[in-house]
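Have a look at the structure below before the remarks.
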Amino acid sequence: MGQRERTLVSPVGGVFRGRAVVMDAEDVRRATWRIAHEILEHNRGAGHLVLVGLQTGGVWIASALAEVVRAVSGTDVPVGALDVAFYRDDIGLRPVLPVAATEIPVDLGGAVVVLCDDVLFTGRTVRAALNALSDLGRPAVVQLAVMVDRGHRELPIRPDYVGKNLPTRRLEMVDVSPEGVVLGDMVSPGDMVSPGDMVAPGGLVASADRAGLEGEAP
C-alpha cells in the first residue's frame with residue numbers, strides 16, 4: 001500500500017492498523033530472490049531488461065529485484081519509476097504526489113520491461129501503466145511482477161511473477177514493505193492501542209491476534 005493509496009481509504013487521515021503479519025522481512029527477501037530468478041529464467045538472462053517500479057509502492061521492489069539480478073547475473077539492469085496518476089480512469093480522485101515522479105533512464109524501444117508493484121488489486125493501476133508506457137516507447141515485451149496478488153480483479157490482468165497470493169476481503173488493507181507484509185485495516189488516529197498490540201513491519205501498529213487472515217486495500 002503506497003503513500004497515495006493511504007490517502008484514499010476511509011477514514012481520511014487514518015492510520016493503518018495491522019492484524020496479522022503475513023510475511024516477515026526474511027519471507028520478502030526470499031520472494032524477491034525467487035522472482036528475480038524467475039525473471040532471468042523466463043527471459044533467458046538480463047539482456048534488454050528494464051525494471052520499472054510503479055509509484056509509490058513498487059519503486060523499492062524494482063530496486064530490490066535489480067540488486068538480486070546484479071548479484072546473480074553480474075549485469076546492472078536499468079531501474080525506472082513510473083507515476084500513472086494522469087493515466088488512471090479515476091483521475092481527479094487520487095492525489096498527485098510531488099515525490100512520485102516518472103523517471104525512465106533508458107529508451108524503452110525494444111526493451112523487456114518488467115513493471116513492479118507491491119500489491120495487485122483491481123488491475124486498474126496496471127492498465128494505466130500500460131497506457132503510460134505507450135507514451136514512453138514501444139517495448140518488445142511488458143511483464144508484471146508483484147509482491148502480493150490479493151485478487152478482486154476488475155480487468156483481465158494477471159501477473160507474470162508473484163511473491164504471494166493472498167485471498168482478501170475487499171475492504172481489508174495489505175501493507176507491503178521490505179520489513180514484511182501486514183494485513184489490517186485503516187483506523188482513526190485517536191483509536192487507542194491495546195496492550196496486546198505489537199509493532200509490525202514498517203513501524204505500523206499490528207495486533208498480536210492473527211485470526212481472520214484474509215484481506216487488503218486498493
Side-chain angles (χ1 to χ4, degrees), residues 1-2 20-82 84 102-121 123 125-127 129-130 132-133 136-151 153 155-168 174-183 200-202 213 216:
M1 179 175 57
V21 177
V22 180
M23 300 172 69
D24 61 20
E26 181 60 21
D27 293 329
V28 171
R29 187 195 69 82
R30 284 196 298 265
T32 302
W33 274 79
R34 174 173 53 79
I35 291 172
H37 277 84
E38 290 175 355
I39 290 173
L40 289 171
E41 181 178 0
H42 183 79
N43 295 295
R44 299 182 179 179
H48 306 292
L49 188 65
V50 180
L51 301 174
V52 177
L54 302 188
Q55 296 279 19
T56 55
V59 176
W60 71 266
I61 294 176
S63 297
L65 288 172
E67 292 180 6
V68 178
V69 169
R70 183 188 307 115
V72 173
S73 69
T75 302
D76 288 315
V77 298
V79 178
L82 184 63
V84 303
T102 292
E103 298 179 4
I104 306 296
V106 295
D107 181 8
L108 297 182
V112 176
V113 174
V114 179
L115 295 175
C116 305
D117 208 0
D118 53 353
V119 178
L120 179 59
F121 186 23
T125 297
V126 176
R127 182 207 61 79
L130 294 173
L133 283 179
L136 298 172
R138 190 176 187 276
V141 179
V142 179
Q143 299 167 0
L144 177 61
V146 299
M147 185 57 64
V148 173
D149 183 353
R150 59 163 294 185
R153 211 79 74 244
L155 297 171
I157 290 173
R158 67 177 183 179
D160 299 278
Y161 315 102
V162 182
K164 184 175 184 63
N165 289 290
L166 180 62
T168 66
V174 174
D175 194 272
V176 179
S177 74
E179 287 74 40
V181 176
V182 181
L183 180 67
L213 184 59
E216 184 234 304

Under 4.5 Å between any side-chain heavy atoms of [X] and [Y], yes or no?
X: D118; Y: I61; value: yes
X: L82; Y: L136; value: yes
X: V181; Y: D27; value: no
X: V119; Y: V146; value: no

How close do [X] and [Y] get, counting heavy atoms only, and between which atoms?
X: V59; Y: A81; answer: CG2-CB, 4.0 Å
X: L115; Y: A129; answer: CD1-CB, 3.9 Å
X: L49; Y: V77; answer: O-CB, 3.9 Å
X: A66; Y: L51; answer: N-CD1, 3.5 Å
X: G163; Y: A31; answer: CA-CB, 4.0 Å
X: L155; Y: G123; answer: CD1-O, 3.8 Å

Should V174 and F121 be marked as a side chain to side chain contact (heavy atoms under 4.5 Å, CB included) after you check the CA-CA gap, both sets of side-chain angles, and the distance that decides it? CA-CA 10 Å; V174 174; F121 186 23; over 6 Å; no
Evaluate the criterion side chain to side chain contact (heavy atoms under 4.5 Å, CB included) for residue pair L120 and R153; output intermediate values, then yes/no. CA-CA 8 Å; L120 179 59; R153 211 79 74 244; 3.5 Å; yes
Distance check, rounded to the nearest 0.5 Å: [X] atom [atom1] versus [Y] atom [atom2]?
X: D117; Y: T56; atom1: CG; atom2: OG1; result: 8.5 Å
X: W33; Y: L65; atom1: CH2; atom2: CG; result: 11.5 Å
X: E38; Y: R34; atom1: CD; atom2: CZ; result: 5.0 Å

[X] side-chain N/O to [Y] backbone N/O, donor-acceptor pair under 3.5 Å:
X: R29; Y: P178; value: no
X: S177; Y: E179; value: yes
X: D160; Y: L144; value: yes
X: T168; Y: R150; value: yes
X: D149; Y: G151; value: yes

Does N43 form a side chain to side chain contact (heavy atoms under 4.5 Å, CB included) with Q143? I'd like the steps, not just the answer. CA-CA 10 Å; N43 295 295; Q143 299 167 0; 2.9 Å; yes
Let me see the working for I104 and V52 under side chain to side chain contact (heavy atoms under 4.5 Å, CB included), right down to the final yes or no. CA-CA 8 Å; I104 306 296; V52 177; 4.1 Å; yes
Taking atom [atom1] as the centre, does [X] end up with more than 12 heavy-atom neighbours from other residues, nucleotides or ligands that are less than 6.0 angstrom away?
X: R70; atom1: CZ; answer: yes
X: R138; atom1: CZ; answer: no
X: E41; atom1: CD; answer: no

